[in-house]
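Convention: sequence-line order gives letters A, B, ...; per-chain numbering from 1.
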Protein chains: 2
Amino acid sequence: MATLSVFLDVPLATAIDFPLDVYREDPSPQKVCLGHAGCHTDSADEIWIPPVVQQILLQIPQDPTLDHEYIKELGIVEFTKTAMELVIGKNNQALLDNRAGGVHTIGGTGAVWIGAEFLHRWYRPNHLTPATVYIAVPQLDTLGCIFQVAGFTDIRSYHYWDPIKLSVDIEMFMAELQNAPEGSIVFLHAPEETGLMSSEWKRIASLMKKRQLFPFFDIAAQGLASGNLDRDAWALRLFVDQGFELLCAQSFSKNFGLYDERVGNLIVVTTDNQTLIRIHSQIARLIAMTWFGPTSLGARVITMVLTSPARLYEWKQSLQSLVKRIMLIREKLKEKLRILGTPGSWEHLTTQSGVYSFIGLNSSQVEFLEKHKHIYFLANGQINICSINSRNLDYIAQSIHESVLVTTHQNPSCLYIKADKEPDESSVDLSDSS
Amino acid sequence: MATLSVFLDVPLATAIDFPLDVYREDPSPQKVCLGHAGCHTDSADEIWIPPVVQQILLQIPQDPTLDHEYIKELGIVEFTKTAMELVIGKNNQALLDNRAGGVHTIGGTGAVWIGAEFLHRWYRPNHLTPATVYIAVPQLDTLGCIFQVAGFTDIRSYHYWDPIKLSVDIEMFMAELQNAPEGSIVFLHAPEETGLMSSEWKRIASLMKKRQLFPFFDIAAQGLASGNLDRDAWALRLFVDQGFELLCAQSFSKNFGLYDERVGNLIVVTTDNQTLIRIHSQIARLIAMTWFGPTSLGARVITMVLTSPARLYEWKQSLQSLVKRIMLIREKLKEKLRILGTPGSWEHLTTQSGVYSFIGLNSSQVEFLEKHKHIYFLANGQINICSINSRNLDYIAQSIHESVLVTTHQNPSCLYIKADKEPDESSVDLSDSS
């Protein structure tokens, strides 16, 4: 074609780094992917899915009373209500006051997106420019971009994890909150997996209240950190109980094994019912313009589990089994490294919990594992503990051991620190995408 | 709660008018909804769903090889490819040149949204401001808002339908295209249902090429206008064959009866493969920030139909049966009105085709039907022909007859003309939502 394209100036955007893609292309029989987005079973390279969910997936298409009519913008009411009760608690005062409500979204990402779009349009604490947004370093590239695409321009990173000590550093986090402009949005991704203790969350809540910071929670895998659904929602409930107005993106991909059904819930907690109604009316319009309405299958599955005591019990048992397996893998890996005599402390493997973990390797060690051992990582340097199984555990431990021996002369900086910048330089750079 | 909300200034957005909601709340036993978004069966107030789709919905959950892993941003490749082949044709040159490609979206709305977002970021025909967008009057409120939310500011309406003569007015449409600023985006919703003839589409294409206007098609119900899948895609194929760069949102809600599965495909046709790759890379990033990836069930159903000759045949038979029923309803309604001696010409009922129809009533007549006859309409004044069945046909004809007799002193302006404004005033007013 001789005609010049009107899209001549469109640059190639950098593809998002999925370790699974590189892994799939590697012909090595030894290859291991430690960067699955979801939880896998121990026995095979298969998505873990609770048995009760599998049963319901077979039942739903046989129900003649269910049709495939459009679902209204805010979604299936029974789903958003029961999902919200799961995370903020059935007897939560905000719920009893009718000032907390859910919005059924396309996955957790959809919930963050709609929340960010809503905040960009309507949250103006300083009445002039959109608020500053704070995002933890490991999520800066992914979730930070959502806020940037939604129109926020001042996006900064914060730290709560010390990559040298391989532990939570609450003082560093507190100092960053202390210096945040009043009214800033603080995005709190997966609070259940941060390893922050309840006393530390209380200090954070108290400071955020004092500095009038706006919390945007993201509960990514409720139940998969401690095995206890209530415990994993503790930080969010503290903020709700303290009277914060907040948003919370709730995802069901991991704890229900339904990644491709894209089921999320955006919870809004505000001061009164009338404000909630006005906020929901604006969110409904945004959704009508974006995806018109949510999908039904995943939300129906989840509602059927959450509203039946027998199914709920079965699902909880499945979550607990998975969490036990995760803890066992953490212990076994630590033990293998101890037996091999691998330099360094590996205590953090068992003091941490949840699906993802900072393994405590520096970037050279990660590079060594990728290049010489065919072991692939997530871009933020965390590993998915569920990707370790009885077949690859020995190989992974031996490879980590070798990587540490080969590269101990390097600085022990954790991989994710690569994404870190000084606060004044830390806006997300997406120059090739907008 | 004594604290003031940070969302005090958020106004209540006007809810989108769904006639089905008003209908459901009306206790009258005579009530009729003529504004269903989808196609209903004749026998009951039920969504029409092709039998082959129902069979596959039962089979899919039993397939042990399918998992629920995340789907990549651009979606299931087999789906986007076969869906695109369905609409632009298997042997289309653009497809053979690898310069046409699909993107799996959350419904047709999601395809329009992602297309509008992409164009707003990257289509700058005058190198300064975003392009002017032209949208047909009946879709101005709904689809116009999508472009506005995406950031376009100059959104104008166009006309192709004469509400007095109750027929297509190609000259009015041509004059509006002639006056459009060079490089404007012309949104062509449901070309299969406009009633424009192929010679008229040729004139439009020729003028759009001359004026360098950018076509954004929206194929909402392929197969449901004429019963012939190829004929319904004729206008799009003409533009592709003439070498236009274009976008096309493709929806599967109506022709597969899968409204709640939200399956869409955004087709990009450009000048060469490298440009397509660059465009897709940018769209993938947008999707990663909006809903992360599409849902699988609906796309799997559609792919299973389109890739199996036997299932494809069965689906086509179902489409043809539905289209025959639609034509029969149109004929019967016209005949009833003739027998009743209702003033006016009702020929347009059978010269038009497809699911939706401008019935040719003015706003007072529509109001009469709503207030006195409990018959509810779509906000754009069109009716869904599938909402008429053997049980309500007589009542609807009699009610239309009475509405015309009672209100014949009024001007015969078609309802949708209410949304019409002079070109210079026709930007969408969404002041309460942004």
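- Not counting sequence neighbours, the partners of A:Y259 by the ring pair (Phe, Tyr, Trp, His ring centres under 6.0 Å) test are B:Y70.
- Nearest heavy-atom pair, A:F7 versus B:E245, reported as atom, atom and distance to 0.1 Å: CD1-OE2, 3.7 Å.
- Residues passing the side chain to side chain contact (heavy atoms under 4.5 Å, CB included) test with A:A131, sequence neighbours excluded: A:Y123, A:P125, A:I185.
- The NE2 atom of B:H68 lies 8.0 Å from the CD atom of A:Q54; values are rounded to the nearest 0.5 Å.
- Taking CG of B:L12 as the start and NE2 of A:H280 as the end, the distance is 12.5 Å to the nearest 0.5 Å.
- A:A288 touches chain B through backbone and side chain together, each having a heavy atom under 4.5 Å away.
- For the atom pair A:T270 OG1 and B:L8 CG, the distance stands at 8.5 Å (nearest 0.5 Å).
- Here the side chain of B:R262 pairs a donor or acceptor atom with the backbone of A:W291 at under 3.5 angstrom.
- Contact count versus chain A (heavy atoms, under 4.5 Å) is highest, among B:V6, B:I60, B:I71, for B:V6.
- If you measure heavy-atom distances from B:L258 to chain A, the contacts under 4.5 Å come from both the backbone and the side chain.
- Residue contact with chain B, scored on non-hydrogen atoms closer than 4.5 Å, involves the side chain of A:L286 exclusively.
- In this structure, A:S281 and B:P11 approach most closely via the heavy-atom pair OG-O, 3.9 Å.
- Nearest heavy-atom pair, B:Q282 versus A:V10, reported as atom, atom and distance to 0.1 Å: CG-CG1, 3.6 Å.
- A distance of 11.0 Å separates OG in B:S5 from CZ in A:R99, rounded to the nearest 0.5 Å.
- Of the atoms belonging to A:F118, it is side-chain heavy atoms, and not backbone ones, that fall under 4.5 Å from chain B.
- The candidate with the highest count of non-hydrogen atom pairs below 4.5 Å against chain B, out of A:S296, A:G183, A:G110, is A:S296.
- B:F214 touches chain A through its side chain: at least one heavy atom from C-beta onward sits under 4.5 Å away, while N, CA, C and O do not.
- B:R300 and A:D260 are joined by a salt bridge, as a carboxylate oxygen and a charged side-chain nitrogen come within less than 4.0 angstrom of each other.
- Judged by distance alone, the side chain of B:T109 and the main-chain N or O of A:F292 form no donor-acceptor pair under 3.5 Å.
- When all heavy atoms of B:T271 and A:L4 are compared, the closest pair comes out as CG2-C, 4.2 Å.
- Of the listed residues (B:V112, B:L143, B:T142, B:I279), the greatest number of heavy-atom pairs within a distance under 4.5 Å of chain A belongs to B:I279.
- In this structure, chain B has a heavy atom under 4.5 Å from the side chain of A:E73, while its backbone stays farther away.
- A:I47 touches chain B through its side chain: at least one heavy atom from C-beta onward sits under 4.5 Å away, while N, CA, C and O do not.
- Using a 4.5 Å cut-off between heavy atoms, B:L119 touches chain A through its side chain atoms alone.
- Of the listed residues (B:E261, B:H36, B:E69), the greatest number of heavy-atom pairs within a distance under 4.5 Å of chain A belongs to B:E69.
- Electrostatic pairing of B:D9 and A:R124 does not count as a salt bridge here, judged by no charged N lying under 4.0 Å from a carboxylate O.
- Both the backbone and the side chain of A:L58 come within contact range of chain B, each with at least one heavy atom under 4.5 Å from a heavy atom of that chain.
- Within the model, atoms CD1 of B:I106 and OG1 of A:T295 stand 6.5 Å from one another, a figure rounded to the nearest 0.5 Å.
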